[in-house]
Amino acid sequence: MLKFIIVLNSKTFANVGGYVITSPKLAAFIRFQSRQQQIFSATAPPSSMGIIKAIELIDEEPQWRAKIWENINYFKSGLQSLGLNTGTTSSAIVPVKIGDPHITGDVGRMLIDRGIYTNPILYPAVARKDARIRMAVMATHTKSQLDKTLNAFEDINKKLQIASNSFK
């Protein structure tokens, strides 16, 4: 019987949903006491089998772990040098906190128009005044791709002053 719990969210292995590894007793407790389990539950798609390979690759190809952290640090530093608020993230999911939901939507459209896929995150997923653009950094991103995105944020910031609007 397991004596520990590991909680992984849906962003850990770029899939749908999350999971808990725990003892049967704690699993029963979570199942019957967690309201969110029913609200945010989803059936695992066939692609979730890729998680097994992802776990294997963590040990077999450690260079990807080093590369993702290199890209995360480079990208976050670039955003912060523009005066943009990236919050307290310590993962490959990097928010650009803007605050105003309308401006956040405009930024999302401007980035898409430049060929940069983003996720504007608005209420009710976050508090009403905590709207943000969610960026997902990958180990396979090149410096050129990251620079393209940083340059787009720089141009957008000049037009919309999103650095001055973002929560610090």
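What you find for A125 and I121 is that their closest heavy atoms are CB-CG2, 3.8 Å. A131 approaches P101 most closely through the heavy-atom pair CB-CA, 3.8 Å. Taking all atoms of both residues into account, the shortest heavy-atom contact from L146 to H141 is CD2-CB, 4.0 Å. Residues I133 and G108 come closest through the heavy atom pair CD1-N, 3.7 Å. Across all their heavy atoms, W69 and S90 have their closest contact at CH2-O, 3.3 Å. A pairwise comparison of heavy atoms in I72 and V137 identifies N-CG1, 3.9 Å as the closest pair.
With a 4.5 Å cut-off on side-chain heavy atoms, I156 and K159 do not count as touching. Counting heavy atoms from C-beta on, the side chains of F75 and T149 come closer than 4.5 Å. Counting heavy atoms from C-beta on, the side chains of T89 and K76 come closer than 4.5 Å. Using a 4.5 Å heavy-atom cutoff, the side chains of R134 and T118 are not in contact. Contact annotation: the side chain of I162 approaches that of F153 to within less than 4.5 Å [non-hydrogen atoms, C-beta and beyond].
To the nearest 0.5 Å, atoms NZ (K158) and CG (L82) are separated by 9.0 Å. In this structure, NE2 on H102 lies 9.0 Å from CG on L122, to the nearest 0.5 angstrom. One distance of note links CD of Q145 with OG1 of T140; it measures 7.5 Å at 0.5 Å rounding. Between atom NZ of residue K67 and atom OG1 of residue T142 there is a gap of 8.0 Å, rounded to the nearest 0.5 Å. With rounding to the nearest 0.5 Å, the separation of CD1 in I112 from OH in Y117 is 7.0 Å.
There is a path of hydrophobic side-chain contacts, each under 4.5 Å, that joins M110 to V94. When hydrophobic clusters are built by joining Ile, Leu, Val, Met, Phe, Trp and Tyr residues whose side-chain heavy atoms come closer than 4.5 Å, directly or via intermediates, M135 is grouped together with I103. Cluster membership check: L160 shares its hydrophobic cluster with L79, using side-chain heavy-atom separations under 4.5 Å among Ile, Leu, Val, Met, Phe, Trp and Tyr.
Distance alone, capped at 3.5 Å, is enough to place a donor-acceptor pair between the K148 side chain and the R114 backbone. Side chain of D130 to backbone of V126: no donor-acceptor contact under 3.5 angstrom is found. Using a distance-only test at 3.5 Å, with no hydrogens or angles considered, no donor-acceptor pair links the side chain of K143 to the main chain of Y74. A distance-only check finds a donor-acceptor pair linking the side chain of N71 to the backbone of M138 [under 3.5 Å]. Proximity of a side-chain donor or acceptor of R65 to a complementary backbone N or O of I58 within less than 3.5 Å is detected.
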side-chain contact (heavy atoms from CB on, under 4.5 Å) between N157 and E154, intermediate numbers included | CA-CA 5 Å; N157 186 37; E154 183 176 28; 5.7 Å; no
